[in-house]
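Inspection log for the structure reproduced underneath, given as structure tokens.
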Amino acid sequence: MKRRSFVAKSSLGSLAALLGVDIVYKELIPSGYTPVALQDSDPFDLFSKDEAMVVLNDRPWNMEAQAHLLNDAITPNKFMFIRNNGIIPEEINEQAWQLEINGESAVAPKTYTLNDLKTKFKEYTYQLTLECGGNGRSEFNPPAKGNQWTIGAVSCAEWTGVRLKDVLADAGIKDDAVYIAYHAADTHLSNNPTKEPISRGVPISKAMQEETLLAFAMNGKPIPLVHGFPLRLVAGGWPASTSGKWLNTISIRNKVHDGEKMGGNSYRVPCETVAPGETVPEEEMCIIESMPVKSLITYPKSGALLKEGKSLKINGHAWAGEDEVSELEYSIDFGSSWKSAHIQEPKNRLAWQHFNATVSFPKKGYYEIWARATDSRGNKQPMVLPGWNPKGYLNNACHRIAVKIT
Amino acid sequence: MQEQEDTDIIFKPIYKVLILICIAFIVLGALAIYFYGPNQSQVEITEVDSELIRDGIHVRTGLVEAGGLQTVITNCTTCHSSKLIIQNRMGVEQWNSTIRWMQKTQGLWELGANQKVIVNYLVKNYPPLEKGRRQALTNIDWYRLNE
């Protein structure tokens, strides 16, 4: 026993020696967690991600899934995309972590520890779809700048926390409140301490929804560091950039929040549609709110070779931002004809819905299976790219997989 | 009983010396790791690798070896990864406006005459590809599926 504890201590001691400084709060470091300064450059190890995940960027870290990796009903951490704007905070002390509620429309600034949040307010768990606003950007033409996401910047995990609206009510909110803004502990890539990497938010109406959480757990465990440990704002169905990670402040604003990546072209699309490649003045860009209807075929993986006469079971997920998916169709003839798949009800509002179908093929050849979802307002996914926009957001074109019958 | 106590008396000083030697060893080892270990190997790796070009690609950054490479590395990879450059394909106008955006909001410095060098390098080596409204599926990894 004693020898073991000596070994354990000496390994942390040697970590400290390697760092040249003592590791503050080393007794609070969760087991299995490696301090950021010691992290090697293997992001799969670093963030406990599956090796089949695709790294788009290593500074800041951005990583996406592939369609077939997203087959689970609830996305596990290993298949959850990473979208970072800045540098992951290095020293997080859960015990000392505080959330401050402030802003022009706060009655008075108020501070909560994590323990306050967990003990004063009722806890809720929801499955919430988080999709990056730029998911699908790689397909736009002319190309749009930024991380070239293909289809894998979406997840639906189970988030546990307290309702933002309960905390706002407790803190006191003025009648003139328009927006809530988040501020967080991540730091700017330029290392300029006065700059925030990102500080976005949502209108009060979204903040007051039952499913908008101040979350401290994901899939029943503390939120992984890269996804916002120890506290994250989670606003399902909206661009995932509204779900601020490493949350330490909520400002109740009396105007639309003007933080980092709220203005310019960031997370905005032309208020009126434009021709591909057109220059759009800033004042004609509108903030993205609910994400559009979309679906993914997660089984089988694209590229299946199948014997003639065999039918194929397919399945996947569909989601529609604030709305529900009412129908899921598939086509094996490039949209000439569509058949209905079976689509389940969402587990809760803003959760993705699972679909499945049994597909049969008339004869040998190359096929593509296309999936098309329709939301409760009757909007369907387009087969070609939707409206071009300067930053390449909101690509909800149909997903398809290749199949060969031999 | 008497014998047992005797051995204890003889053993204890030896034990102390052994512990002292062990501690000295650990301290020296830690110092050696601290001063000569990872730092040195880190320096070696960067020195060897930073200039390496293989098959026309600058290995450390993955950028294409061409006129302007060093200017791009110096000015464009201080804040963000070269991966962000490589995956983006834009024309002169778009690169210039991206540079303006980085200067306005992200703390990028004035580039002066280097701006032209950088933008020329980018449009020459990472030109936009005509993709149309929907591309064919490519790089399909075919596998046998037995349902």
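Every chain is numbered from 1, with letters handed out A, B, ... down the list of sequences.
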Find the one option among B/Asp141, B/Leu108, B/Asn146, B/Ile86 whose heavy-atom pairs under 4.5 Å with chain A are most numerous.
B/Asp141
Considering non-hydrogen atoms only, spot the tightest contact between A/Arg200 and A/Ser241 and give its length.
NH1-OG, 2.8 Å
Can you tell me which portion of A/Asn147 sits under 4.5 Å from chain B's heavy atoms? Options are side chain, backbone, both or neither.
both
Among B/Thr78, B/Leu137, B/Thr98, who wins on heavy-atom pairs under 4.5 Å with chain A?
B/Leu137
Residue B/Thr77 versus chain A: region with a heavy atom under 4.5 Å:
backbone
The interface call for A/Leu56 against chain B, heavy-atom contacts under 4.5 Å, is both
Give a yes or no answer on whether the side chain of A/Asp333 reaches the backbone of A/Ser336 with a donor-acceptor pair at less than 3.5 Å.
yes
Engaged part of A/Ser138 at the chain B interface, taking heavy atoms whose separation is under 4.5 Å
backbone
Is a salt bridge present between A/Glu282 and B/Lys104, judged by a nitrogen-to-oxygen distance below 4.0 Å?
yes
Chain B heavy atoms under 4.5 Å from A/Lys310: which part of the residue, side chain, backbone, both or neither?
side chain
If you tally heavy-atom pairs under 4.5 Å against chain A, which of B/Thr105, B/Leu84, B/Ile140 wins?
B/Leu84
Around atom CD of B/Glu93, are there more than 12 heavy atoms of other residues, nucleotides or ligands at under 6.0 Å?
no
Most chain B-contacting option - heavy-atom pairs closer than 4.5 Å, from A/His188, A/Lys145, A/Arg137
A/Lys145
Taking the side chain as C-beta and beyond, is there a heavy-atom pair between B/Ile85 and B/Leu63 under 4.5 Å?
yes
Using 30° and 60° as the class limits, which term best fits the ring planes of A/Phe334 and A/Trp370: parallel, tilted or perpendicular?
perpendicular
Which of the residues B/His80, B/Gln106, B/Gln135 is involved in the greatest number of heavy-atom pairs with chain A at under 4.5 angstrom?
B/Gln106
Choice from A/Pro60, A/Pro142, A/Ala397 maximising heavy atom contacts with chain B below 4.5 Å
A/Ala397
With only heavy atoms counted, which part of B/Glu130 is less than 4.5 Å from chain A, the side chain, the backbone, both or neither?
both
Need one label for B/Gln87: side chain, backbone, both or neither, based on atoms under 4.5 Å from any heavy atom in chain A.
both
Can the positive tip of A/Arg268 be found less than 6.0 Å from the middle of the six-membered ring of A/Tyr393, inside 45° of the ring normal?
no
Could you walk me through whether B/Arg134 and A/Glu139 satisfy the salt bridge (charged side-chain N to carboxylate O under 4.0 Å, His left out) test, starting with their C-alpha distance in whole Å, then the side-chain angles of each, then the deciding distance to 0.1 Å, before giving a yes or no?
CA-CA 7 Å; B/Arg134 207 79 213 260; A/Glu139 285 196 283; 2.9 Å; yes
Select one option (side chain, backbone, both, neither) describing which atoms of B/Trp95 are under 4.5 Å from chain A's heavy atoms.
neither
Closest-packed option against chain B by number of heavy-atom pairs under 4.5 Å, given A/Lys404, A/Lys313, A/Lys261, A/Met383:
A/Lys404
Short question: side chain of A/Glu278, backbone of A/Pro390 - any donor-acceptor pair under 3.5 Å?
no
Between A/Glu368, A/Arg400, A/Lys307, which residue shows the highest count of heavy-atom pairs closer than 4.5 Å to chain B?
A/Arg400
Return the option, out of B/Gly132, B/Pro128, B/Ser97, with the maximum number of heavy-atom pairs under 4.5 Å with chain A.
B/Gly132
Sort out for me which of A/Val384, A/Leu189, A/Val403, A/Asn57 touches chain B most, counting heavy-atom pairs under 4.5 Å.
A/Asn57
With the threshold set at 4.0 Å, does a side-chain nitrogen-carboxylate oxygen contact exist between A/Lys195 and A/Glu260?
no
B/Arg54 atom CZ: more than 12 heavy-atom contacts under 6.0 Å:
no
